[in-house]
*Asks:* 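Next up is a structure, given as structure tokens.
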Amino acid sequence: MSATATTLNDINIKAIALLSSKLGTADTIRFLNQFTTGFGDYTEERKKVFDKMSMDEIVTEIKARRKRG
């Protein structure tokens with residue numbers, strides 16, 4: 001009797017396809033994000049991006065992006 005090992009990549013592909021078919025794309029992404037650790041230094045990145053913007057400018061930019069879709 002011979003058993004073929006399935007690669008982790010193949011298992012991940014099958015699992016994501018199964019989740020997506022049962023939960024839908026959005027809920028699959030929400031589920032998977034629970035297990036994603038992220039990377040980088042958010043505090044430093046935030047300082048670089050928003051350091052020269054006022055809160056009003058940030059809010060205005062958010063509203064503009066939401067309108068664009």
Side-chain angles (χ1 to χ4, degrees):
M1 185 179 251
S2 160
T4 304
T6 306
T7 67
L8 287 176
N9 188 52
D10 287 341
I11 292 169
N12 287 336
I13 290 169
K14 289 176 184 178
I16 291 169
L18 180 63
L19 284 170
S20 185
S21 71
K22 297 295 182 183
L23 297 177
T25 302
D27 285 343
T28 297
I29 291 168
R30 290 177 63 204
F31 175 78
L32 293 173
N33 280 338
Q34 294 180 90
F35 307 104
T36 304
T37 57
F39 56 90
D41 185 340
Y42 173 73
T43 302
E44 283 302 314
E45 291 175 18
R46 185 183 64 220
K47 285 178 187 176
K48 289 177 186 174
V49 172
F50 299 114
D51 189 42
K52 295 179 180 159
M53 293 178 76
S54 70
M55 184 58 71
D56 288 337
E57 290 171 322
I58 294 170
V59 170
T60 300
E61 179 66 23
I62 291 169
K63 288 179 180 178
R65 288 180 184 226
R66 285 180 178 167
K67 285 182 182 176
R68 289 193 298 255

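Scope of the values below: all heavy atoms of this structure, side chains included, with no hydrogens, waters or symmetry mates.
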*Asks:* By the rule that ILVMFWY residues connect when side-chain heavy atoms come within less than 4.5 angstrom, directly or transitively, which residues belong alongside Ile58?
*Replies:* Val49, Phe50, Met53, Ile62
*Asks:* Is the CD1 atom of Ile11 crowded by more than 12 outside heavy atoms at less than 6.0 Å?
*Replies:* yes
*Asks:* If you group Ile, Leu, Val, Met, Phe, Trp and Tyr by side-chain heavy-atom gaps below 4.5 Å, do Leu19 and Ile13 land in one group?
*Replies:* no
*Asks:* Going by ring-ring contact (aromatic ring centres under 6.0 Å, His included), name the residues that satisfy it together with Phe35, two or more places apart in sequence or in a different chain.
*Replies:* Phe31
*Asks:* Please identify each residue that fulfils salt bridge (charged side-chain N to carboxylate O under 4.0 Å, His left out) with Glu44, with sequence neighbours left out.
*Replies:* Lys47
*Asks:* Does any pair with a residue in residues 23-34 pass salt bridge (charged side-chain N to carboxylate O under 4.0 Å, His left out), and if so which ones, sequence neighbours excluded?
*Replies:* Asp27-Arg30
*Asks:* Can you pull the side chain to side chain donor-acceptor pair (under 3.5 Å) pairs that have at least one residue in residues 58-69, sequence neighbours excluded?
*Replies:* Glu61-Arg65
*Asks:* CG/Leu23 to CD1/Ile16 distance, rounded to the nearest 0.5 angstrom?
*Replies:* 12.0 Å
*Asks:* Tell me the side chain to side chain donor-acceptor pair (under 3.5 Å) pairs involving residues 8-21, sequence neighbours left out?
*Replies:* Thr7-Asp10
